[in-house]
Amino acid sequence: MKAGIVGATGYGGIELLRLLTNHPQVKAITLFSSSQAGEKFENIYPQFRGGESYVLHDLEPEKMKEDLDVIFLATPSGVSSQLTPQLQGSHAKVIDLSGDLRIKEPATYEQWYKKEAAPDGTLGNAVYGLPEWNQEQIEKADLIANPGCYPTATLLGLGPVVKEGLVKPDSIVIDAKSGVSGAGKNPNPITHFAHAQENFQIYKVNQHQHIPEIEQQLTIWDDQLEPVTFSTHLVPMTRGIMATIYLQLKEGMSEEDLRQKFKSYYEPQPFVRVRESGGFPCTKDVYGSNFCDIGLTIDARTKRVTIVSVIDNLMKGAASQAVQNMNLVFQYDERTGLAPLPVYP
Ligand SMILES: NC(=O)C1=CN([C@@H]2O[C@H](COP(=O)(O)OP(=O)(O)OC[C@H]3O[C@@H](n4cnc5c(N)ncnc54)[C@H](OP(=O)(O)O)[C@@H]3O)[C@@H](O)[C@H]2O)C=CC1
Ligand SMILES: CC(=O)N[C@@H](CCC(=O)OP(=O)(O)O)C(=O)O
């Protein structure tokens, strides 16, 4: 199979290249760059020296869709909405890592992203690529909207309780934290080292663009749910997301019964690991891997449920989830090429 990566010089693109070079079904990889075509990849990222040498290519949608079997778009929002329509209509499958194709309602996308939405024909074809919950649709898809990093951690943490209609509709609060690589390779005033190190900052309060993505999936599972409170914080670490989720159940339930529900949903899933009683994951438990680890408890005093869900934002939150989706689309075992265990410490 021949794969292409657009935005290969970005953080998501680099991780895709690392994964695809170790994928047994991928025989050729072409890298595209909007700013550095003609440059050798290893000259920009010397850590890739010693392996295959890649030259960055100009984007030529007509040629790309004829030559390639799968095209990953690891580009900022606003790119895929314009580029994907030009890539459709061939045998090539497209997997978009940006937020452009996740929100079904164009006006909602435009409200939260402040950008023009993709055309209806493109949005209508895009399948939300959360493999643990959407496998059947993904297997038939030509176009995948790879979930956002925060939504991946949040939705995997909420799926088993929301899908069964167990949650009080107005009770969900999501307190999320991310490492700095979540913001991509270009520093801004918040992610600049001198500001971010030894600092802890809340940002985009009640305005984060992942809110509509999270609510869209939650209301597919339970249409009675009301808007959620979702807060994001920047942590001075390179990778990792922790979503700490608080909610109330409609009816009393023992912690063990709740844990059993999570286990029965996720036992068949190779990349979601549910902790035993008293166990809560930290971000280093999944660093560099495609795992999502989940811990949970019920407070005996308040009856509130606390669910903790961690992922590596560049892996399960972006590149490795995209490869998991590619595996499902091409009918490979979904674990293919995703062997890496977490890097620790
Ligand atoms: N970082 C993360 O943890 C996650 C990121 N995402 C999403 O994935 C996407 C990629 O993120 P990330 O890799 O972090 O971002 P980066 O900013 O690190 O990289 C994006 C790359 O896109 C390319 N690019 C920029 N403008 C254009 C353009 N107009 N046309 C084509 N290519 C362009 C650039 O490469 P070049 O100049 O070589 O073309 C750049 O290296 C984003 O949409 C992001 O929101 C999703 C989940 C997690
Ligand atoms: C730490 C940090 O800044 N993270 C980014 C994640 C952006 C992202 O992944 O954006 P899309 O999924 O919408 O493409 C943020 O919170 O905006």
Side-chain angles (χ1 to χ4, degrees), residues 4-18 31-39 41 44-45 54-61 64 71-84 86-87 95-103 109 112-115 128-130 144-154 176-192 195-196 200-205 207-214 230-243 283 311-322:
I5 305 173
V6 183
T9 60
Y11 282 172
I14 296 168
E15 275 298 56
L16 277 168
L17 180 59
R18 188 171 72 93
L31 306 184
F32 299 92
S33 170
S34 65
S35 62
Q36 296 178 85
E39 183 60 271
F41 190 75
I44 306 169
Y45 291 111
Y54 296 98
V55 174
L56 294 166
H57 292 262
D58 266 324
L59 276 83
E60 293 178 81
M64 290 160 73
I71 303 168
F72 294 92
L73 304 182
T75 49
S77 57
V79 174
S80 157
S81 56
Q82 309 294 312
L83 186 56
T84 305
Q86 302 174 57
L87 296 171
I95 301 179
D96 177 28
L97 278 69
S98 84
D100 279 8
L101 309 181
R102 300 177 198 147
I103 312 282
Y109 173 87
W112 290 85
Y113 278 83
K114 316 276 185 249
K115 288 185 176 146
Y128 192 60
L130 191 62
I144 298 285
N146 212 56
C149 45
Y150 285 120
T152 296
T154 302
K177 308 101 193 158
S178 173
V180 182
S181 65
K185 71 174 181 184
N186 293 324
N188 62 45
I190 292 178
T191 62
H192 189 296
H195 178 85
F200 189 81
Q201 176 161 1
I202 190 167
Y203 67 101
K204 297 187 185 172
V205 183
Q207 289 172 20
H208 199 282
Q209 73 276 13
H210 288 165
I211 290 172
E213 180 183 339
I214 290 168
F230 174 71
S231 298
T232 49
H233 305 78
L234 192 71
V235 186
M237 61 187 189
T238 303
R239 290 167 185 246
I241 280 184
M242 176 180 284
T283 54
I311 58 168
D312 180 324
N313 54 291
L314 289 174
M315 292 291 281
K316 183 64 173 164
S320 62
Q321 179 144 263

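Whatever order the structure lists them in is the order used to number ligands and atoms, beginning at 1. Atoms considered below: every heavy atom in the structure, side chains included; atoms not considered: hydrogens, waters and symmetry mates.
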Item to complete: Specify side chain, backbone, both or neither for A183, according to which of its non-hydrogen atoms lie closer than 4.0 Å to ligand 2.
Response: both
Practice prompt. Return yes if some donor-acceptor pair links the side-chain N/O of N146 with the main-chain N/O of A318 below 3.5 Å, else return no.
Written response: yes
Discussion item. Considering non-hydrogen atoms of the protein only, which is the closest contact for atom 3 (O) of ligand 1, and what is the distance?
Written reply: N313 ND2, 2.8 Å
Discussion item. To check your reading of the model: name the closest protein heavy atom to atom 15 (O) of ligand 1, its residue, and the distance in Å.
Written reply: G184 CA, 3.9 Å
Worksheet item: Taking non-hydrogen atoms only, is L234 closer than 4.0 angstrom to ligand 2 via side chain, backbone, both or neither?
Response: side chain
Item to complete: Would you mind telling me which of D100, L59, I71 makes a side chain to side chain contact (heavy atoms under 4.5 Å, CB included) with L83?
Response: L59
Worksheet item: Of the listed options (T9, T75, I311), which comes nearest to atom 43 (O) of ligand 1 when hydrogens are ignored and any heavy atom counts?
Response: T75
Response to the item:
Closest to atom 7 (C) of ligand 1 among protein heavy atoms sits L97 O, 3.4 Å
Fill in: Those residues that, when tested against Y150, pass ring pair (Phe, Tyr, Trp, His ring centres under 6.0 Å) (two or more places apart)
H208, H210, F230
Discussion item. In this structure, does ligand 2 have an atom that sits under 4.0 Å from one of the heavy atoms of S77?
Written reply: no
Item to complete: Determine if the distance from atom 9 (C) of ligand 1 to the closest protein heavy atom is below 4.0 Å.
Response: yes
Worksheet, complete the sentence: of all protein heavy atoms, closest to atom 17 (O) of ligand 1 is K185 N, 3.7 Å
Worksheet item: Does ligand 2 have a heavy atom under 4.0 Å from the side chain of Q201, from its backbone, from both, or from neither?
Response: neither
Item to complete: Distance to 0.1 Å, residue and atom name: give those for the protein heavy atom nearest to atom 5 (C) of ligand 2.
Response: G182 O, 3.4 Å
Discussion item. Any heavy atom of G179 closer to ligand 2 than 4.0 angstrom?
Written reply: yes
Practice prompt. Examine the side chains of T152 and Q321 and answer whether a donor and an acceptor come within less than 3.5 Å of each other.
Written response: yes
Fill in: Check: S33 N/O within less than 3.5 Å of ligand 1 N/O
yes
Item to complete: On the 0 to 90° scale, with breaks at 30° and 60°, tag the Y113-Y109 ring pair as parallel, tilted or perpendicular.
Response: parallel
Discussion item. Is it the case that ligand 1 has an N or O less than 3.5 angstrom from some N or O of G13?
Written reply: no
Worksheet item: Can you tell me which residue and heavy atom of the protein come closest to atom 29 (N) of ligand 1, and the distance to 0.1 Å?
Response: V79 CG2, 3.6 Å
Practice prompt. Specify the protein heavy atom at minimum distance from atom 19 (O) of ligand 1: its residue, its atom name, and the distance to 0.1 Å.
Written response: G10 CA, 3.1 Å
Worksheet item: Can you check whether R102 has an N/O within less than 3.5 Å of an N/O in ligand 1?
Response: no
Discussion item. I want to confirm something. Looking only at heavy atoms, which of E213, K177, H208 is nearest to atom 15 (C) of ligand 2?
Written reply: H208
Fill in: Protein non-hydrogen atom found under 4.0 Å from atom 45 (O) of ligand 1
no
Worksheet item: Side chains of S77 and K115: is there a donor and an acceptor less than 3.5 Å apart?
Response: yes
Fill in: Sequence neighbours excluded, every pair satisfying salt bridge (Lys or Arg N to Asp or Glu O under 4.0 Å) that has a member inside residues 176-191
D175-K177
Worksheet item: Quick one: does Q209 get an N or O within less than 3.5 Å of an N or O on ligand 2?
Response: yes
Response to the item:
In this structure, atom 14 (O) of ligand 2 is nearest to the protein heavy atom G99 N, 3.3 Å
Worksheet item: Starting from atom 33 (C) of ligand 1, which protein heavy atom do you reach first, and at what distance in Å?
Response: S34 OG, 3.4 Å
Worksheet item: What protein heavy atom sits nearest atom 12 (P) of ligand 1, and how far off is it?
Response: G12 N, 3.9 Å
Discussion item. Are there over 12 heavy-atom neighbours, none belonging to H233, within less than 6.0 Å of that residue's NE2?
Written reply: yes
Practice prompt. May I ask which of A8, P76, G7 has a heavy atom nearer to atom 24 (N) of ligand 1 than the others do?
Written response: P76
Item to complete: May I ask you to list the atoms of ligand 1 that are less than 4.0 angstrom from any heavy atom of L314?
Response: 1 (N), 2 (C), 3 (O)
Worksheet, complete the sentence: Nearest non-hydrogen protein atom to atom 1 (C) of ligand 2, with distance, is Y203 OH, 3.4 Å
